[in-house]
Amino acid sequence: MLSNRQKEILKLIVLEYIKTARPVGSNNICDELKVSSATVRAEMAELEEMGLLEKTHTSSGRIPSSLGYSFYVETI
């Protein structure tokens, strides 16, 4: 089960990725949610462990996985 913050982060990543087709970094999200980038990175890491987000390479931002898109469409 995702927390409300995790759902909001996933939603923001999906929407930003659809708009830009680029990996989304924590700075984009922390500005929107008014939380620290460390908090966002920790939440993004959990979402990645759940299979909802992916990294294109080690130092990149995250992109939604197919499971992440499905969760977004069905739940958010």
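Heads up: numbering here begins at 1 and tracks the sequence.
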Revision key, fill the gap. Applying side chain to side chain donor-acceptor pair (under 3.5 Å) to Glu32 and not counting sequence neighbours gives none
Check your understanding: Quick one: are Thr56 and Ile63 in side-chain contact, heavy atoms under 4.5 Å?
Key -> yes
Practice item. Determine the minimum heavy-atom distance between Ile13 and Pro64, stating which atoms define it. Key: CG2-CD, 4.0 Å
Point to revise | Test item: Val24 and Ile29 side chains (from C-beta on) under 4.5 Å apart, heavy atoms | key: yes
Study note, to complete from the structure: Shortest non-hydrogen pair, Tyr72 vs Leu15, comes out as OH-CD2, 3.2 Å
Check your understanding: Residues in side chain to side chain donor-acceptor pair (under 3.5 Å) with Ser65, at least two apart?
Key -> none
Study note, to complete from the structure: The side chain to side chain donor-acceptor pair (under 3.5 Å) partners of Glu16 (sequence neighbours excluded) come to none
Check your understanding: Are Leu2 and Thr75 close enough that some pair of their side-chain heavy atoms sits under 4.5 Å apart?
Key -> no
Check your understanding: To the nearest 0.5 Å, what is the distance between CG (Leu67) and CG (Leu53)?
Key -> 10.0 Å
Study note, to complete from the structure: Taken in chain and number order and not counting sequence neighbours, the residues that satisfy salt bridge (charged side-chain N to carboxylate O under 4.0 Å, His left out) with Lys11 are Glu8
**Study point:** side chain to side chain donor-acceptor pair (under 3.5 Å) partners for Ser70, two or more places apart
**Key:** none
Enumerate donor-acceptor pairs with a distance under 3.5 Å from any side-chain N or O in residues 42-52 to protein atoms, sequence neighbours excluded.
from, atom 1, to, atom 2, distance (Å)
Glu43, OE1, Gln6, NE2, 3.0
Glu46, OE1, Gln6, NE2, 3.1
Glu48, OE1, Arg62, NE, 2.9
Glu48, OE1, Arg62, NH2, 3.3

Point to revise | Spacing of CZ belonging to Arg41 relative to CD1 belonging to Ile9, to within rounding of 0.5 Å | key: 11.5 Å
